[in-house]
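Data block below; observations after.
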Protein chains: 2
Amino acid sequence: MTGPPHDAERVAAELAAIPLFSALGEEGVARAARAGLSRHYRPGQIIFHQGDPGESLYALLDGMVKVVFSTEQGDEIVLNVLGRGETFGELALLDGSPRSASIVAVRPAWAFALPRARLLELMREHPALADEFLHLLGGLVRRLTEQAADLAFLDLGGRLAKLLLHLAGKHGGADGVVSLPGLTQSDLAALIGASRPAVNRALQSLVARNLIAVEGRTITLLDVAALRKRGGL
Amino acid sequence: MTGPPHDAERVAAELAAIPLFSALGEEGVARAARAGLSRHYRPGQIIFHQGDPGESLYALLDGMVKVVFSTEQGDEIVLNVLGRGETFGELALLDGSPRSASIVAVRPAWAFALPRARLLELMREHPALADEFLHLLGGLVRRLTEQAADLAFLDLGGRLAKLLLHLAGKHGGADGVVSLPGLTQSDLAALIGASRPAVNRALQSLVARNLIAVEGRTITLLDVAALRKRGGL
DNA sequence: GTCCGGATGTGTTCCGCATCACATTCCGGA
DNA sequence: TCCGGAATGTGATGCGGAACACATCCGGAC
């Protein structure tokens, strides 16, 4: 699983496209790539578990993963879905505390892990990296705040509309086509804090009003303006 | 409003009791106190507005404030209630982005504002301060995550029970007495994303089962174990 | 092709809580 | 002291969505 030496170059090529690491410059990116390890994961595999000790920051070089928060009772909420170029496990760097969520691959994934100590070294030498990291955290806090507000104020249909717009922006094509292999309706339900049957019905309702089209796991946004309105934007 | 020079000593005395600043040592705390300004606010006054440019980190030296997030439609959710020794406005330091929430005094408050540039200077000289700040952010992210999960999984009664336990821990006496002048039932409702009448009825229900006692705005927790169970702990 | 397990589509029932509409009590200011 | 506005307590109604229960459907293993 651990990447052989020549992998470092391929890792560096991917890291260079990620804002957080590109701040390091060409030389720094190469050093970062050598300072960590990359692994491949199959769909359904768990990259790390909620509660595990957290000692690394991860960057998703390719594929897709979901961020899952579970309660002791076994209920699950999906906090986010990450694609190529996004990072996770940031909290490990803030304090040494255990992972607050699990990361599960939803399709074949290639992830790069950089140990806390290595990252801190890099930050000392490249203040721009620290800056980028703080930006990252700012975005994280804002997103979580918005998510809480959405749960409080929007109904299921509104949250679903907003979710589809977000997914289209992050993982979709230019024409509103969102292809989501590996993401089931159960996942969508867990993303907006709803039951799976309710999500199904909400999707049907959007289809009936010609706001979206669904075929298999590909969703096409037909009326972005109406969806934005439905989502309170 | 701006503190006259001799105030810096009183500010320093308060800052020394705050983990974030105590990391600076006696000398550093004194410098920090001189680098910012403190002001007093009356109940209902707004310390800063959501959407304002954010250029300072605040420390609440005394009193109590609420963190309010508003939608364009005018709906409000109270993200947190802060007491003496807590900080707010952290996001201003991460990026230069506008305030993501408003801060409103719920009782007479004394707050200290430290400009971003000053704080960054201090951080450069005192790495321990940066460490503490990252801890702070970690706690913030964790709390927001939990809040989202609670909205998704707990019913109104559960969220209320959990809220009361939290408030008792932060602002209450040792014996489970939580005195909350300035905090109305509407505020409690906005803290858990519920309507005001529903909160009233939920409180009555807890009283009827002898889990709490209410007199005016003082709530006494009578059966902490049962409350914890009700809140899913 | 044949199975089988998981994902998807629907119907039915029921309950929590938002919403509206008041009565009542509390409190600060003139 | 009285007054007025805000904060509380309660009732009645309606609806969204959870929970449960199935009937397909689809895709991969063999």
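In what follows, every chain begins at residue 1, and chains take the letters A, B, ... in the order their sequences are listed.
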Residue-phosphate contact under 4.0 Å: A:N200 side-chain N/O, C:dT8 OP1/OP2: no
Evaluate the side chain to side chain contact (heavy atoms under 4.5 Å, CB included) criterion for residues A:V68 and A:Q50: first the C-alpha distance (whole Å), next the side-chain angles of each, then the deciding distance (0.1 Å), finally the verdict. CA-CA 8 Å; A:V68 182; A:Q50 181 176 343; over 6 Å; no
Is the shortest side-chain N to carboxylate O distance from A:E76 to A:K66 below 4.0 Å? no
In whole angstroms, the gap separating C1' of C:dG6 from CG of A:L188 amounts to 16 Å
Rounded off to whole Å, could you give me the CD-to-P distance for the B:E215 and D:dG9 pair? 12 Å
Does the base of D:dG16 carry an N or O that pairs as donor and acceptor with the side chain of A:R201 under 3.5 Å? no
Upstream residue (5' side of DNA chain D) when A:L156 and A:R196 are each assigned their closest nucleotide: A:L156
By nearest atom, which of the nucleotides D:dA18, D:dG17, D:dA7 is closest to the B:R217 side chain? D:dA7
Quick check on C:dT8: is either OP1 or OP2 less than 4.0 Å from any side-chain nitrogen or oxygen of A:Q204? no
In whole Å, I'd like the distance from the CD atom of B:Q73 to the P atom of C:dA18. 17 Å
Atom CG of B:D187 to atom C1' of D:dT8: distance rounded to whole Å? 14 Å
Atom-to-atom span, CG of A:D155 to C1' of D:dG14 - whole angstrom: 16 Å
Salt bridge flag under 4.0 Å for residues A:D155 and A:R230: yes
Rounded to whole Å, the CG-P distance (B:L183 to D:dA6) equals 18 Å
Of the candidates D:dC20, C:dA7, D:dA18, the side chain of A:S195 sits closest to D:dA18
Any side-chain N or O of B:Q185 less than 4.0 Å from the OP1 or OP2 oxygen of D:dG9? yes
Report the C-alpha distance between B:E14 and B:W110 in whole Å, list the side-chain angles of each, state the deciding distance to 0.1 Å, and finish with yes or no for side chain to side chain contact (heavy atoms under 4.5 Å, CB included). CA-CA 11 Å; B:E14 295 293 335; B:W110 182 28; 3.8 Å; yes
